[in-house]
Number of protein chains: 2
Amino acid sequence: MTTQLMKIGELTERAGVSSRTVHYYENLGLISPVQRDGPKHRLYEPEVLQRLQKIAALKKLGLSLEDIAGVIDLYFQSDAAPLSGKIKVIEILKGQLENVDKQIDELSAFRSDLIKNISHMERLYGEALMQKS
Amino acid sequence: MTTQLMKIGELTERAGVSSRTVHYYENLGLISPVQRDGPKHRLYEPEVLQRLQKIAALKKLGLSLEDIAGVIDLYFQSDAAPLSGKIKVIEILKGQLENVDKQIDELSAFRSDLIKNISHMERLYGEALMQKS
DNA sequence: CCCAAATCTACAGTTGACGTAAAATGAATA
DNA sequence: TATTCATTTTACGTCAACTGTAGATTTGGG
């Protein structure tokens, strides 16, 4: 069982964030390296990369880092977690699903607005060309 | 022609933003009151309300206020604008359309991820209940 | 063993997006 | 017209989320 650990350099390159940010997130409790009694340089499990990606996604949802700190673990909970915990997870995930749906609706509305604007502009564009001749 | 001007109080209430925000936006050049040589209190045309709403929408798209400053005028250009301007507007609007589509895609991906997580959790929930009996 | 590259710690600085408190204004009322 | 009192204005303060950086430490390779 070779749990493929990586140093912060590889992690940041793969996740597309700076090492400063990684330290910052560690400080907020969003991620953490493996226990390091011996080595002074941090080592990370591959799961941390997943976590960073999930954090980015949740940020795009509009969650603050503090909010994220409150839910990030839900996504990486072991299947052996206590039943009460699982029930709560389901609640929260469903809440997030609602939010996502709402945001998709909003974006769709904005999208059709855009399309309306574009075709309006293109109509004007056409008229202007007509007058030129 | 009674151009129905409003004071900042009405504007903020209708737009759902604070007066501080309105002043801040004015400072960034996002909006502006009518010329006030005499009165010290700002007066706004109804169009400013539209602008504030558009700003809110663009913010939800993830644009910074600075980004927005670069495009907001495109939405409120007179139909009599020069042809070259209109062409540029169309370009930019189409660029935004691409962004919106990308974001919708991302959200959709996040959404199905969520659903997968939820059903996974519900499966575990079920199993846990089975073992309880 | 030695060196260059990577990492660590700690503290300060920045940026975006506002909040707040006190002074100034102006519309209604006495 | 004088007063009053809600609105507005202005200037300074705040908070989150980074980001810079400088000097000390660690590490892997020759």
Side-chain angles (χ1 to χ4, degrees), chain A residues 2-46 48-49 51-72 99 103, chain B residues 2 4-46 48-49 51-72 99:
Chain A
T2 29
T3 352
Q4 169 106 321
L5 298 176
M6 54 185 145
K7 287 191 294 184
I8 199 169
E10 185 182 350
L11 181 65
T12 59
E13 189 172 344
R14 293 225 261 162
V17 301
S18 73
S19 65
R20 191 70 188 70
T21 298
V22 167
H23 290 154
Y24 180 60
Y25 284 180
E26 176 179 345
N27 216 293
L28 294 184
L30 291 175
I31 61 176
S32 60
V34 299
Q35 288 305 327
R36 48 182 179 139
D37 19 287
K40 300 299 171 66
H41 288 188
R42 295 167 175 80
L43 293 175
Y44 297 93
E45 296 173 4
V48 175
L49 182 56
R51 286 179 83 98
L52 286 176
Q53 287 161 355
K54 187 63 76 175
I55 290 169
L58 289 170
K59 277 183 55 178
K60 280 207 173 160
L61 264 184
L63 298 204
S64 71
L65 292 181
E66 197 183 343
D67 291 341
I68 294 174
V71 302
I72 182 74
N99 282 338
Q103 293 212 23
Chain B
T2 30
Q4 171 106 320
L5 299 175
M6 55 186 145
K7 288 190 294 185
I8 200 170
E10 185 182 348
L11 181 65
T12 59
E13 188 172 344
R14 293 224 261 162
V17 302
S18 74
S19 64
R20 181 65 185 81
T21 298
V22 168
H23 290 153
Y24 180 58
Y25 287 0
E26 175 179 347
N27 214 289
L28 294 183
L30 292 176
I31 61 178
S32 60
V34 299
Q35 289 305 327
R36 46 174 181 149
D37 18 287
K40 301 299 173 62
H41 289 187
R42 296 165 173 83
L43 293 175
Y44 298 92
E45 296 173 4
V48 176
L49 182 56
R51 288 178 82 98
L52 287 175
Q53 285 160 357
K54 187 63 76 176
I55 290 169
L58 290 170
K59 276 185 56 179
K60 281 209 174 156
L61 264 186
L63 298 204
S64 71
L65 293 180
E66 195 183 345
D67 292 341
I68 294 174
V71 302
I72 182 73
N99 281 339

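By convention in this document, chain letters (A, B, ...) are assigned in the order of the sequence lines, proteins followed by strands, and residues within each chain are numbered from 1. A quick note: this is a predicted structure, and the numbers were derived from the prediction, not measured.
Considering only the side chain of B:H41, C:dT25 comes nearest among C:dT25, D:dG28, D:dC18.
Note: CG (B:N27) to C1' (C:dG16) measures 13 Å, nearest angstrom. Per the geometry, NZ belonging to B:K7 stands 19 Å off P belonging to C:dA24, to the nearest Å. At whole-Å resolution of the value, CD1 in B:I8 and C1' in C:dA24 are 15 Å apart. Between B:L43 atom CG and D:dT7 atom P there is a gap of 16 Å when expressed in whole angstrom units. Residue A:L30 contributes atom CG, which lies 11 Å from atom C1' of D:dA17 at whole-angstrom precision. We find that CG of B:L58 is positioned 12 Å from P of C:dA17, with the value rounded to whole Å. One interatomic measurement links the two molecules: OH of B:Y24 to P of C:dT15, which rounds to 11 Å at whole-angstrom precision. As a whole-Å value, the separation of A:L28 CG from D:dA17 P is 8 Å.
Residue-level contact check: A:S19 touches neither bases nor backbone, having no heavy atom under 4.0 Å from any strand.
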(request) Using the side chain to side chain contact (heavy atoms under 4.5 Å, CB included) rule, take A:V22 and A:V48 through it: C-alpha gap first, then chi angles, then the decisive distance, then the call. (result) CA-CA 10 Å; A:V22 167; A:V48 175; over 6 Å; no

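OP1 or OP2 of D:dT9 lies within a sub-4.0 Å distance of a side-chain N or O belonging to B:R42. Regarding contacts with the backbone of C:dT25, a side-chain N or O of B:K40 is found under 4.0 angstrom from either OP1 or OP2. OP1 and OP2 of C:dA17 both lie 4.0 Å or more from every side-chain N or O belonging to B:Y25. A sub-4.0 Å separation between OP1 or OP2 of D:dT19 and a side-chain N or O of A:T21 is present. In this model, the phosphate group of C:dC18 is approached by a side-chain N or O of B:K59 to a distance below 4.0 Å at OP1 or OP2.
The 12-atom threshold is not exceeded at CD of A:E66, counting heavy atoms of other residues, nucleotides or ligands nearer than 6.0 Å.
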Ignoring hydrogens and angles, write down the donor-acceptor pairs under 3.5 Å from the side chains of residues 13-20 of chain B, residues two or more places apart or on other chains.
from	atom 1	to	atom 2	distance (Å)
B:S18	OG	B:R20	N	3.4
B:S18	OG	B:T21	N	3.1
B:S18	OG	B:T21	OG1	2.9

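In this structure, B:E45 and B:V34 have side chains that are in contact, with non-hydrogen atoms separated by less than 4.5 Å.
When all heavy atoms are compared, the tightest approach of A:Q103 to A:K60 is OE1-O, 4.4 Å.
With the nearest nucleotide of DNA chain C identified for both A:Y44 and A:R20, A:Y44 has the one nearer the 5' end.
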